[in-house]
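This is a predicted model, so every value here is computed, not measured. So you know, we letter chains A, B, ... as the sequences are listed, proteins then strands, and number each from 1.
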2 protein chains.
Amino acid sequence: MSRFQDIFLDIESDILNQQYKAGELLPSENQLSKKYNVSRETIRKALGLLLESGYISKKQGKGSIVLDVKRFNFPISGLTSYKELQDSQNISSETILVKNEIITIPEHIADFLKVSTDTEVHCIIRARKVDGEVVILDKDYLFTSVIPDVPDSEARHSLYHYIENKLNLIIGFARKEFIVEPATQEDRELMTLHNDTHVVVTRSEVHLEDATLFQYTESRHRLDKFRFVEFARRRGPVNYT
Amino acid sequence: MSRFQDIFLDIESDILNQQYKAGELLPSENQLSKKYNVSRETIRKALGLLLESGYISKKQGKGSIVLDVKRFNFPISGLTSYKELQDSQNISSETILVKNEIITIPEHIADFLKVSTDTEVHCIIRARKVDGEVVILDKDYLFTSVIPDVPDSEARHSLYHYIENKLNLIIGFARKEFIVEPATQEDRELMTLHNDTHVVVTRSEVHLEDATLFQYTESRHRLDKFRFVEFARRRGPVNYT
DNA sequence: CCGGATTTGTACGTATGTATG
DNA sequence: CCATACATACGTACAAATCCG
């Protein structure tokens, strides 16, 4: 682990332990560089991580203000798997493996991803049960060209864990979309939907670090169990085309 | 504007113009530093912005891969106002100013924000009409202690523009939450809801750079008109508490 | 209102480590 | 094993914003 990441973790825990309290300023970058015996640039990288993670806000000429973590830091943003979320929030739940087989990619997904219609994928469907009710349905399609094999045991555990720790592939980035759609027949069969007419659907295409596409995911949530929180920094008026 | 931001914009336009094509590698950091006559650190900062914005993916020992912008770069993420979104997507629409007056903060919001119940705020309600139907209802509450005055003309235009360009305040960060809720009586009165029973609600608390809270916003969307897209980078298994 | 001290922002140059091919 | 490319780290200098006397 690099020096600036260590320092990030150290200051993070100081903030969580209230050694540095919300509303106060952190020691200056020069003071911190003395404390940790590193150059100012290294401190600045650590502070950059704290900034991104929503722990501090910096202001030129003034200093780094510690934010109220309890208030802001519930980012369910970023590339987060269900398993990780569950672990981080101590939610007790159960995963039911509905399906795990190799198929040729469904046409509507091939179109969406702009890949050949005869691409081979693992089709993995998992139902997530909380308090006795199935509230999330995860449908994953993994390219066999990148991931040759997915054991049932791993599918029941965590796909990301399997990919990163067992296969040693590095996940790079994803494009993610959230919309609300009418519930399908499949939703009604596999989930506990009561009288809901709609579900929240998140679709993502996930890529490795070298930009190769390897996974398409559709996660279908019951309306009342869906919540998405993010911490956003302002970067000036939008330039996105 | 700083050097690395200039370079970011320059490379960005080269990517958009396909001078650098998707799937190819950018010139190395050393080559770029020669091209722009700056140090490698400056190039690295520019590449950092490209990375965050989803234009490239970097890999140690290999280089910086140009991503397919047309495919990934629709991030409606970050602190983006309706007006900015509309402009960036060339959506023709109309804003109806329903209300703009000073009130004491509603109790449920005071509780949510943990501020005193006698705080004074501007209450601004705007209905967003697209193709003749009101599909979004924006409810903004701005602290009078920070924003003394909000002219109707500015409310009809863009609040962020007013705050940043006219008042010269710097918006820092926000905590944002998305959930689906049953439609209220007010929703039904002000929006074109057909037979919808629910709406998507985004709530945010917006802060200035020095961390002072100055705005609470609730944006209520008709289900079929809501879509949220984000570009996410993997940062390793979640550490969020 | 001004000047000086402090603090963050930007930039440069150098050196070394690590991954890729 | 080597060349190349990105990652980390150090040190220096100056600019810009803030604060205070």
J.: How many whole angstroms separate atom CG of A:Asn30 from atom P of C:dA5?
T.: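 Distance, rounded to whole Å: 16 Å.
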J.: With respect to the side chain of B:Gln60, which nucleotide from C:dG9, C:dA19, C:dT10 is positioned closest?
T.: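 In terms of side-chain proximity for B:Gln60, the closest of C:dG9, C:dA19, C:dT10 is C:dA19.
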J.: Quick one: sort the B:Tyr141 and B:Tyr216 rings into parallel, tilted or perpendicular, breaks at 30° and 60°.
T.: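 Correct class here is tilted.
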J.: Check the phosphate of C:dG9 against A:Arg44, side-chain N and O only, distance under 4.0 Å to OP1 or OP2. Yes or no?
T.: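 Checking C:dG9 against A:Arg44, a side-chain N or O does come within under 4.0 Å of OP1 or OP2.
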J.: Given that B:Glu209 and A:Glu41 both sit by DNA chain D, which one's nearest nucleotide is further toward the 5' end?
T.: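 Its nearest nucleotide being more 5', the pick is A:Glu41.
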J.: Report the distance from atom CD of B:Glu29 to atom P of C:dG13, rounded to the nearest whole Å.
T.: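 The answer, rounded to whole Å, is 16 Å.
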J.: Rounded to whole angstroms, how far apart are NZ on B:Lys58 and C1' on C:dT18?
T.: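 So the NZ-C1' distance, B:Lys58 to C:dT18, works out to 14 Å.
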J.: Can you work out whether A:Arg40 or A:Gly61 has the more 5'-proximal nearest nucleotide on DNA chain D?
T.: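 Closer to the 5' end of DNA chain D: A:Arg40.
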J.: Does B:Lys21, at its NZ atom, have more than 12 non-hydrogen atoms belonging to other residues, nucleotides or ligands within less than 6.0 Å?
T.: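 At most 12 heavy atoms, drawn from other residues, nucleotides or ligands, come within 6.0 Å of this atom.
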J.: Does a side-chain N or O of B:Lys59 approach OP1 or OP2 of D:dC6 to a distance below 4.0 Å, or not?
T.: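 For D:dC6, neither OP1 nor OP2 has a side-chain N or O of B:Lys59 closer than 4.0 Å.
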J.: Quick one: is C:dC12 close enough that its OP1 or OP2 comes under 4.0 Å of any side-chain N or O from B:Thr42?
T.: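 The answer is yes; a side-chain N or O of B:Thr42 sits under 4.0 Å from OP1 or OP2.
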J.: Starting at CD1 of B:Ile170 and ending at P of D:dA16, how long is that distance when rounded to a whole Å?
T.: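 In whole Å, D:dA16 P lies 15 Å from B:Ile170 CD1.
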J.: Indicate whether OP1 or OP2 belonging to C:dT8 is found under 4.0 Å from a side-chain N or O atom of A:Lys62.
T.: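 Answer is no, no contact under 4.0 Å.
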J.: Measure from CD on B:Glu24 to P on D:dA5 and round the result to the nearest Å.
T.: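 Roughly 16 Å, once rounded to whole Å.
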J.: Does the base of C:dG9 carry an N or O that pairs as donor and acceptor with the side chain of B:Arg3 under 3.5 Å?
T.: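 By the distance-only test, no, there is no pair.
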J.: Whole Å only: how far is the CD atom of A:Gln31 from the C1' atom of C:dT7?
T.: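 A:Gln31 atom CD is separated from C:dT7 atom C1' by 10 Å.
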J.: Choosing from D:dC6, D:dA9, C:dT10, which nucleotide comes nearest the side chain of A:Ser2?
T.: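 The nucleotide sitting nearest to the side chain is D:dA9.
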J.: Does OP1 or OP2 of C:dA11 have a side-chain N or O of B:Lys45 closer than 4.0 Å?
T.: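 So the side-chain polar atoms of B:Lys45 never come under 4.0 Å of the phosphate oxygens OP1 or OP2 of C:dA11.
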J.: A:Gln5 CD to D:dT8 C1': how many Å, rounded?
T.: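 Result: 10 Å.
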J.: Give the rounded distance in Å between these two atoms: NZ of A:Lys34 and C1' of C:dT7.
T.: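 Rounded to whole Å, this separation is 13 Å.
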J.: Give a yes-or-no answer on whether the side chains of B:Asn30 and B:Ser28 include a donor-acceptor pair shorter than 3.5 Å.
T.: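 No - no donor-acceptor pair under 3.5 Å links their side chains.
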J.: Establish, from distance only, whether the side-chain atoms of B:Asp118 and B:Thr104 form a donor-acceptor pair under 3.5 Å.
T.: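 Their side chains do not contain a donor-acceptor pair, so the 3.5 Å distance test is not met.
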J.: Relative to the ring of B:Phe178, is the ring of A:Phe178 parallel (under 30°), tilted (30 to 60°) or perpendicular (over 60°)?
T.: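 Answer is parallel, since the angle falls under 30°.
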